[in-house]
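Below: one structure, written as structure tokens.
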Amino acid sequence: MRSDRASVKGRAPHALRRLRKCATSLATLPALRMRLSQILISTLRDDPADAEIPSHKLLARAGLIVKIAAGVYTFAPLMWRTVKKFAQIVREELDREGANEVMLPIMQPKELWVSSGRWDRYVNDGIMFTLKDRKGSDMCLGPTHEEVMTAYVNAQVNSYKQLPVNCYQIQDKFRDEIRPRFGLMRGREFIMMDAYSFDADQPGLDAAYQKMRNAYCRIFERCGLAYTVVQADSGAIGGAGSEEFMVIADSGEDSILFCRESGYAANVEKAVSKLPPAPAGGEPKPLQTIATPDVKTVAQLEAFFPGWTAARMAKTVLYHVTWKAKAKVVAVMMRGDLEINEVKLTNALDALAVRLATDDEIKAATGADVGFAGPVNLPEDVPLLADESLQGVTNLLTGGNKTGYHCLDVNLGRDCRMPSWKELRTARAGEGCPVSGKPLEQARGIEVGHIFKLGIKYSKAMGATFMDQGGKPVPFVMGCYGIGVSRTPAAAVEQSFDDKGIVWPPAIAPFECVVAMLDPKRDEQVALADALYAELKAAGVDVCLDDRAMSPGAKFKDNELLGFPVQVFVGRKAAEGGVEFLVRKGMQKSECAAAEVKAKVLAALGR
RNA sequence: CGGGCUGUAGCGCAGUUUGGUAGCGCGACUGGUUUGGGACCAGUAGGUCGCCGGUUCAAAUCCGGCCAGCCCGACCA
């Protein structure tokens, strides 16, 4: 090796030496300037027709993202700078916790997914992009990387002495979303950081999880985002816990409930609440069946039976439930004034999926048309679940299981089977916080991060084990952790914009500062702008020089739209050393002397 | 997967009802005049009207099929 190297160098081929001579010496190159005139920027005057939410409109109008297909985008140079800056923050904070950055393949063989048992489900759900290679072998584009990472670590780690291990990557992900929308928020190709921790036992996992949680908090804090950590549904996987990091924004796809008093916060999919009890039904009365033609909804029943409030009614909703090997129609009872949470229902049944039964399925299962389902005389083969809110409630009003009839004074267990009690209710704003009892508040959130205690689901399925101290093979105890790397900058825009355009948080702005010469044909403006650029650059500011030939008005508008946090305009007062200074957030504009610029920029950036 | 809407120049749109051989604004290009809030004047280029088929002397326009995109539904017993 050593001698090979030396000899190659010593006998460099003639042609290679010539090549070297052609290269320009670095010392003779002019100082590097980030000039906007050399960066591909194409802002639009109008909002694109297909954009709905502010971040999508603004990112598209600023030319920062360009759609190539539904949910598939090109990142323009300035946007890519932003994404790279965010990715770098993610890297720094994960590395601080001892995680290892790797790069896993996007294209993956079917066998890997079969080994974890996920191939059929992902293919049937249509969420995975699949393809065949020239030999006809099935491949897929990774929607997530548990399989690859588990296989990788399993192959490298044999002993408990090598644990814990935490690896992550920042990589393109592919999911064939049912409905791609909102620009970068829900794309079919997107960038994600996914990390996976491997521990010997549960306490190890708990510690790994906590480290990641801390890192995530630092990441979103550094970006200047208003975010909250909420309890999240952990899906059919179960597990000890899962939390989501939510950026608060009106356009968020998730609904969260929270309490200022106790700090309780949860995704509505998971949230629980304290509920005012239903009005007392009194001592059990005899069951009655009453003709209620065309009365099908709770609202109609309240009108039909004056005095009966929805809280004393029990609606019976029929669901078509799918498990791995079977499917069935299930009856679910809920207090009339409350709503069923389908995520909780799916979990309670340990099912793959639930959906409302069709009219035909309802008729087949209950013998009655839609609107008249109830527990009384419900066929034995239809499982009966009920929400805990109905527990102990006497003399209920329910459907009669017969078209055109409802039952009054139904008492569960007496007039029908005793249902299986579950917590199935959707918590709502205004109901009591489960911790403090104070009314819960509601907000919309954009999920930018999700951390998850996986346990041994994948390691067990895939036979990924290490040798413990007793010399026995034991499955890894895993955690997985994701951050939407392309989504988070979009969420930042969603949280920070005004009528003039984007207002980037400094930490992830394409540039922290722009120095714009309003007339690049005037030597004194060019010279002053260039000097200020050099001074700011030397002071560690990520600055660019706007030397584009445009009218002053256009230049103001363009920079406002692009949203650089600090903007310095060199114009007609350049000869006297005067410039204009703009803090984009709040649009505070002032004039100052060139000599003050550096201090003002650093102050505006909080340094 | 259902329901609705849309597809005409790089972008935003009109024209389709009542068929007659394609237009507006922005943008682009050339020349000139400009230079503090998306400048002005003159000129130029750019469109198989999403695709395929049908009706017709004639189709952006009418009919059929397909494709693409967007919005909504997925709390109703």
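Every chain is numbered from 1, with letters handed out A, B, ... down the list of sequences. When reading the values below, keep in mind they use all heavy atoms of this one structure, side chains included, and skip hydrogens, waters and symmetry mates.
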What nucleic acid atoms does A:L518 come within less than 4.0 Å of, heavy atoms only: base, sugar-phosphate, or nothing? base

Between B:A74 and B:U55, how many Å separate the two P atoms, rounded to a whole number? 45 Å

Rounded to whole Å, please give me the gap between CG in A:D47 and C1' in B:C70. 15 Å

For the side chain of A:T297, starting at C-beta, report the closest nucleotide among B:A39, B:G69, B:A77. B:A77

Residue A:E339, side-chain heavy atoms: nucleotide from B:A77, B:C75, B:C70 that is nearest: B:C75

Nucleic acid contacts of residues 406-419 of chain A, taken as heavy-atom distances under 4.0 Å to RNA chain B: none

Is it the case that over 12 heavy atoms from other parts of the model lie below 6.0 angstrom from the NZ atom of A:K344? yes

In a check of salt bridge (charged side-chain N to carboxylate O under 4.0 Å, His left out) between A:R61 and each of A:D46, A:D558, A:D47, which one passes? A:D47

Side chain of A:R179 only, heavy atoms from C-beta on: which candidate in B:C75, B:C71, B:A77 is closest? B:C71

Atom P, compared across B:A68 and B:C29: separation rounded to whole Å: 35 Å

Using a cut-off of 6.0 Å, state whether more than 12 heavy atoms not belonging to A:K274 lie near its atom NZ. yes

Provide the Watson-Crick or G-U wobble partner of B:U56, both distances under 3.5 Å; none if there is no partner. none

Counting only Watson-Crick pairs (N1-N3 plus N6-O4 or O6-N4) and G-U wobbles (N1-O2, O6-N3), all under 3.5 Å, who is the partner of B:C29? B:G43

Between A:F564 and A:W504, does the ring centre distance come in under 6.0 Å? no

Examine A:F569 together with A:F556 and report whether their ring centres are nearer than 6.0 Å. yes

Pair A:Q442, A:S255 - check side chain to side chain donor-acceptor pair (under 3.5 Å), show working. CA-CA 7 Å; A:Q442 184 160 27; A:S255 188; 2.5 Å; yes

Given B:A77, B:G69, B:C1, the nucleotide with the shortest approach to the side chain of A:V298: B:A77

Which nucleotide, B:A77, B:C71, B:A39, lies nearest any side-chain atom of A:E52? B:C71

Any idea which of B:A77, B:U35, B:G25 is nearest the A:D46 side chain? B:G25

Using whole Å, what does the distance between atom C1' of nucleotide B:C75 and atom CD1 of A:I340 come to? 8 Å

Minimum heavy-atom distance A:V298-A:A310, with the two atoms named: CG1-CB, 3.6 Å

Residue A:R181, side-chain heavy atoms: nucleotide from B:C1, B:C72, B:C70 that is nearest: B:C72

Please work out if A:G399 contacts a base, only the sugar-phosphate, or nothing of the nucleic acid, heavy-atom cut-off 4.0 Å. nothing

RNA chain B nearest-nucleotide lookup for A:D369 and A:D519: closer to the 5′ end is A:D519

The side chain of A:T426 is closest to which nucleotide in this list: B:G12, B:C75, B:G69? B:C75

Is the number of heavy atoms from other residues, nucleotides or ligands within 6.0 Å of OH (A:Y405) greater than 12? no

C1' atoms of B:G19 and B:C62, separation to the nearest Å: 8 Å

Separation of atom CZ in A:F182 from atom P in B:C72, rounded to whole Å: 6 Å

